[in-house]
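Heads up: the structure comes next, in structure tokens.
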2 protein chains.
Amino acid sequence: MAAARARSGGRPTLEEVAARAGVGRGTASRVINGSPRVSDATREAVEAAVAELGYVPNRAARALAGNRTDAIALVVPEPETRFFAEPYFSAIVRGVGAALADTEMQLLLTLVGSDRERRRLAQYLTAHRVDGVLLVAVHAHDPLPELLEQLGMPCVISGARHAAETLPSVDSDNFEGARAAVDHLISRGRSRIATITGRLEVYGAQRRLDGYRAAISAAGLAPDERLIAPADFTEEGGARAMRDLLARRPGLDAVFVASDVMAAGARQVLREADRRIPEDVALVGFDDSVVARHMHPALTSVRQPIEEMGRRMARLLLDEIAGRAPDDERPSVVLPTELVVRASS
Amino acid sequence: MAAARARSGGRPTLEEVAARAGVGRGTASRVINGSPRVSDATREAVEAAVAELGYVPNRAARALAGNRTDAIALVVPEPETRFFAEPYFSAIVRGVGAALADTEMQLLLTLVGSDRERRRLAQYLTAHRVDGVLLVAVHAHDPLPELLEQLGMPCVISGARHAAETLPSVDSDNFEGARAAVDHLISRGRSRIATITGRLEVYGAQRRLDGYRAAISAAGLAPDERLIAPADFTEEGGARAMRDLLARRPGLDAVFVASDVMAAGARQVLREADRRIPEDVALVGFDDSVVARHMHPALTSVRQPIEEMGRRMARLLLDEIAGRAPDDERPSVVLPTELVVRASS
DNA sequence: CGCCCTCCTGGGAGCGCTCCCACCTCCCTG
DNA sequence: CAGGGAGGTGGGAGCGCTCCCAGGAGGGCG
């Protein structure tokens, strides 16, 4: 069996294509790589030979000779994966895949486990030779981005790490999303609007809180710090925060929750406290995940264009690899969100 | 020299390691590949040199010289991806990743769009050189597996395509899962138990139906074909089937639904028909997805060990690539399911 | 009418590794 | 004490490609 797959697996080589087309190897290579310095006749001859032989370049040889790999890595922190079980992950992958579809680039999936592993990853990536890295869900203090930068490895991250993000990044407009959500609650006549935040070290969570605050003061409502309950993006955290809120401000009439999962926790607590949704308390989530659609009542939520984010990340990275300046000069993209109104508000 | 090192990204080569260890290139290679034909002293010298230089083998060169790639592809049919948005996909990936973690294997993610693209994929895969393929969600009539077999490309699929599956496959025990679900309903005193099936061309859906039938007759209940409603794994399909069921057999007191998503559709219809869950109608789903946990009332469901399935698929494939016979001779694995009882039954 | 420039073209020289063959020690046999 | 393994070892010969340097063939200009 190993013998059957012997050597090149029976695939034609560039040399064979060149011979068939009656040209030299160099010329054949030029045609295949789209160099303009080839006469039309030659180009056609080579293309015909390629078609007849079903030639496909050997990636390994190309990588070795050309010192590039035509591959990029999508790095996913393993601990986060579960948190990712949400469509988030597959949507990102779908977007990246779509952007790469008509490219020769292939996608490597790398799950990073421990923090030690993460520190070794940079070396690993350069050694295993990828042309660039897509980094998903990096924390503000993650050493990885700096390491990659030192190595000169092109890299795009999802979600800015802080206001002064230097790395190319793709993010959704957390601020505007949150503001729109709270504006919506206000327009529904709510005035004692609380919020449950995500982990505030995460810049996106901070931005959502900023958006909440902006909407509150823009509406002339009195800011009330006790209407703000920090949590951690988990269902339990959401429940805990809701309990705190109810204890501190029993009169609240709406809650903007910074994630659907936390909203699920909050809803549970509201039900136990016999508050009707939306009659007594209106609820708005963030992410527009499956959970939102299947909650009862269905949850109003802020949708992020996740697939599009994946697509843009890939495009940004390809630009960076090619040495092209991205179209819009500043290599960071913020995509608009959309409020999906359902029964909970 | 500086130029040479610049090309290779500044990374040391085998040659340099050999020089530093005071041995030949061949010997250094032997140490790095764990050949036994090396003296202890030499081995230590080489290992020291590797550590000092931070040497990591160049994958491309290895692939080219060794005619293998140390990479496997996970092929995901793009049309299905959305259906996959469920944790399914990330769980499989996590399992595969875990199995590959202490291997040199890397994971390539390949999304396949159209059917034409799928037909071209086999060539693509051999050309782009992977050692094996993990095929997720193949249909019974998909040409891909046969193509891969012809090419002698090792391959493992998730979910048998029919009873006489020839390819190595990993599946969960759909039959027993369904039977356990229906047994559970019977033990709760239900006797007019309906079922909503998935697309019966999908072998797993067929097996779930078989399990339902087996449980019904084992309990001495009268089989009733009008209690069986075929659907298509979608929420709308589940709703439609539930409506049919209600029309045909208004007296039903339980429904075993072959997927959580369809169960969500069914629940909606039951609510509109003012049937209380579980008092009037008990409901059991399949997959134990997020939807199940967040449904109201929370849905009893059959959990599949998806992450473990990913792990096993990877292991099976690695065995096949290595030419090893898998431990348990028959290269197909059926993993047990687990009934997660919640409020809906 | 000759010279030079431009446009193509062929093929040598690697890229860093694995495979394999030759060879060189020892050390165990007869 | 010679002969022959067996255990280690070095390095040549590629793997299939890209890069780049010569060099041939035309065509425009002085």
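To find a chain, count down the sequence lines: A is the first, B the second, and so on, and within it residues start at 1. Here the structure is a predicted model, which is why all the values come from computation and not from measurement.
At the phosphate of C:dC7, neither OP1 nor OP2 sits under 4.0 Å from any side-chain N or O atom of A:S39. OP1 or OP2 of C:dT18 has at least one side-chain nitrogen or oxygen of B:S29 nearer than 4.0 Å. One finds a side-chain N or O of A:T42 lying less than 4.0 angstrom from the OP1 or OP2 phosphate oxygen of C:dT9. Residue B:T13 has no polar side-chain atom (N or O) positioned under 4.0 Å from OP1 or OP2 of C:dC15.
Following rounding to the nearest Å, A:R37 (CZ) and D:dG23 (P) show an atom-to-atom distance of 19 Å. Counting to the nearest Å, the C1' atom of D:dT18 and the CZ atom of A:R68 are 8 Å from each other. The distance from atom CD of B:E15 to atom C1' of D:dG11 is 9 Å, rounded to the nearest whole Å. Between A:R59 atom CZ and C:dG16 atom P there is a gap of 20 Å when expressed in whole angstrom units. Rounded to whole Å, atom C1' of D:dG16 lies 11 Å from atom CG of B:N67. What separates CG of A:N58 from P of D:dG14 is a distance of 18 Å, to the nearest Å. Between A:L64 atom CG and D:dC15 atom C1' the separation is 9 Å, expressed in whole Å. In this structure, CG of B:D70 is placed 13 Å from P of C:dC17, rounded to the nearest angstrom.
Side-chain N/O atoms of A:R30 and base N/O atoms of C:dG10 include a donor-acceptor pair closer than 3.5 Å.
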Show your working on side-chain contact (heavy atoms from CB on, under 4.5 Å) between B:D171 and B:V333 and close with a plain yes or no.
CA-CA 6 Å; B:D171 212 339; B:V333 175; over 6 Å; no

Check step by step if side-chain contact (heavy atoms from CB on, under 4.5 Å) holds for B:L107 and A:L111.
CA-CA 10 Å; B:L107 218 209; A:L111 305 180; over 6 Å; no

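Counting heavy atoms from C-beta on, the side chains of B:Q106 and B:D70 never come closer than 4.5 Å.
Side chains of A:N67 and A:R62: a donor-acceptor N/O pair is absent below 3.5 angstrom, by distance only.
Of the two residues near DNA chain D, B:A61 and B:V23, the one whose nearest nucleotide lies more 5' is B:V23. Heavy-atom nearest nucleotides on DNA chain C were determined for A:V38 and for B:N33, and the one closer to the 5' end corresponds to A:V38.
Comment: A:R161 engages A:E146 in a salt bridge, judged by a side-chain N to carboxylate O separation of less than 4.0 angstrom.
With C:dT18, D:dG10, D:dC17 as the choices, the nucleotide that has an atom nearest any side-chain atom of B:T27 turns out to be D:dG10. When distances run from any side-chain atom of A:R62 to the nucleotides D:dC17, C:dC8, C:dT18, the shortest one goes to D:dC17.
Residue contacts shown for A:R25 include a base, since a base heavy atom lies under 4.0 Å away.
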